[in-house]
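Order of appearance sets the numbers: ligands from 1, and atoms from 1 within every ligand. Heavy-atom basis, side chains included; hydrogens, waters and symmetry copies ignored. For reference, positions follow the sequence shown, starting with 1.
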Amino acid sequence: MDPRSEVLLRQANLFTGPLLLAGLPADDLLGHFPEAHGWSWHAGEHSLLDTRFSGRCHFGTEPAARDVQAAVLFLPKSRELTEYLLNALAARMGGRELFLVGEKRAGIERAAKQLAAFGQARKLDSARHCQLWQVRVEHSPATPDLHSLAQRYELPLADGPLQVLSLPGVFSHGRLDVGSALLLEHLDDLPNGHILDFGCGAGVLGAALKRRYPDSQVTMLDVDAFAVASSRLTLAANALQADVISGDGIDAAPTGLSAILSNPPFHQGVHTHYQATEHLLRQAAKHLTSTGELRLVANSFLKYPPLIEQHLGSCQTLADAKGFRIYRACKD
Ligand SMILES: C[S@@+](CC[C@H](N)C(=O)[O-])C[C@H]1O[C@@H](n2cnc3c(N)ncnc32)[C@H](O)[C@@H]1O
């Protein structure tokens, strides 16, 4: 059980009626609160919850229209995303209770200060390295317009400027990541056909690919609903067309790909892990055609080449700069 869920269970008497659990972990909590519904923006967690508690968890960037007595937000990593989510929830919770639960190391104490905009906030519990806060929503904000919160920047690429739009909580919000910038300089000679941008984030790589290889089909995949929505905004801002899909890991991607391009994930929440990327390297061959290519950027300290060579083919380093490397491997 996630420690934040354990804290809620310590206060179970507060959560007996219809309840919304926003950003809930994929654990047993819904089983303990029969009148609760979940809202998740993580495709992997949503799918696990839906398998165990069918129809009780909604996936997306906005809460489902459902009447609840109280809502709990599980504190996300990003401060901007927290602000959007609190406003989206408080806009629906006038006169009712809004709770915020999170780990101390994730910044719950600081985040709880944002509750003051809605009413008198108080700390209800502190245990398992987490805190639980509550506010009765006296001042309901207007429903936030998510798209108006997108940050926009322009990239001066060789084939013309590219507009990039990113929503709160999305990787490298409002600016280009150094690794992605290096990968953008190494998009030459990818095999035409069907190209995947794995972990598309705001869609910068996928949009650049579609413009560079207009005859190729481009699919963009991300686990996060806010990233998927951002990628759609980025494509629209550049009048480009590609398939944008939500899914957890390479298993959710199509097969028959001519190339997989990625600045793969290496952080998740406050914990660091590389599972999704290692799984990508192990499974990429299954998704590529016999002449398919994997091209990715990674921090130089990450030991990906042996894994790539074991599961795909010989790994070439196309560039090594600013602490990042571009790797290229074709199926042997
Ligand atoms: C390093 S960021 C790169 C984002 C974007 N391609 C760019 O260059 O700015 C990695 C992305 O992978 C996504 N991601 C993390 N775990 C994933 C998973 N299991 N399946 C698919 N995408 C995942 C994250 O949400 C994030 O957007």
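- Residue V204 has at least one heavy-atom neighbour below 4.0 Å for each of these atoms of ligand 1: 7 (C), 8 (O), 9 (O).
- Taking 4.5 Å as the limit, some side-chain heavy atom of D251 sits within range of a side-chain heavy atom of H279.
- Shown in contact with P265 at under 4.0 Å from a heavy atom are these atoms of ligand 1, numbered in order with element: 10 (C), 12 (O), 14 (N), 15 (C), 16 (N).
- When the options W41, F266, F226, F171 are ranked by their closest heavy atom to atom 2 (S) of ligand 1, first place goes to F171.
- Residues E83 and L149 are not in side-chain contact: their nearest non-hydrogen atoms beyond the backbone lie 4.5 Å or more apart.
- For the pair A252 and ligand 1, no heavy-atom separation below 4.0 Å is found.
- Using modelled atom types, one finds no donor on one side chain facing an acceptor on the other under 3.5 Å when comparing R96 with Q69.
- For the pair G249 and ligand 1, the shortest N or O to N or O distance falls below 3.5 Å.
- S166 and H173 form a side-chain donor-acceptor contact under 3.5 Å, judged by distance and modelled atom types alone.
- Distances below 4.0 Å separate heavy atoms of L205 from the following atoms of ligand 1: 6 (N), 8 (O).
- The proximity of L183 to ligand 1, defined as any non-hydrogen pair under 4.0 Å, does not occur for either the backbone or the side chain.
- Note on D243 versus R232: no salt bridge recorded, every NZ/NE/NH1/NH2 to OD/OE distance being 4.0 Å or above.
- The residue S262 has no part lying near ligand 1, judged by heavy-atom distances below 4.0 Å.
- By the criterion of a heavy-atom distance under 4.0 Å, the side chain of A276, and not its backbone, is placed next to ligand 1.
- Ring-plane geometry between F15 and F99 is classed as perpendicular, the angle between the planes exceeding 60 degrees on a 0 to 90 degree scale with a lower cut at 30.
- The closest approach between a heavy atom of G44 and any atom of ligand 1 is not below 4.0 Å.
- Using a 4.0 angstrom heavy-atom cutoff, D177 does not count as in contact with ligand 1.
- Atom NE2 of H129 has 12 or fewer heavy atoms from other residues, nucleotides or ligands within 6.0 Å.
- Residue G247 approaches ligand 1 through these ligand atoms, each under 4.0 Å from one of its heavy atoms: 20 (N), 21 (C).
- With atom 11 (C) of ligand 1 as the reference point, the heavy atom nearest to it among G199, S172, S180 is part of G199.
- Contacts between D248 and ligand 1, counted as non-hydrogen atom pairs separated by less than 4.0 Å, involve both the backbone and the side chain.
- Q11 and D125 share a donor-acceptor pair across their side chains, judged by distance under 3.5 Å alone.
- Here P264 has backbone heavy atoms under 4.0 Å from ligand 1, and that is the only part of it that gets that close.
- The aromatic rings of W39 and H58 are tilted relative to each other, their planes meeting at an angle between 30° and 60°.
- Salt bridge present: R328 and E293 bring a charged side-chain N and a carboxylate O closer than 4.0 Å.
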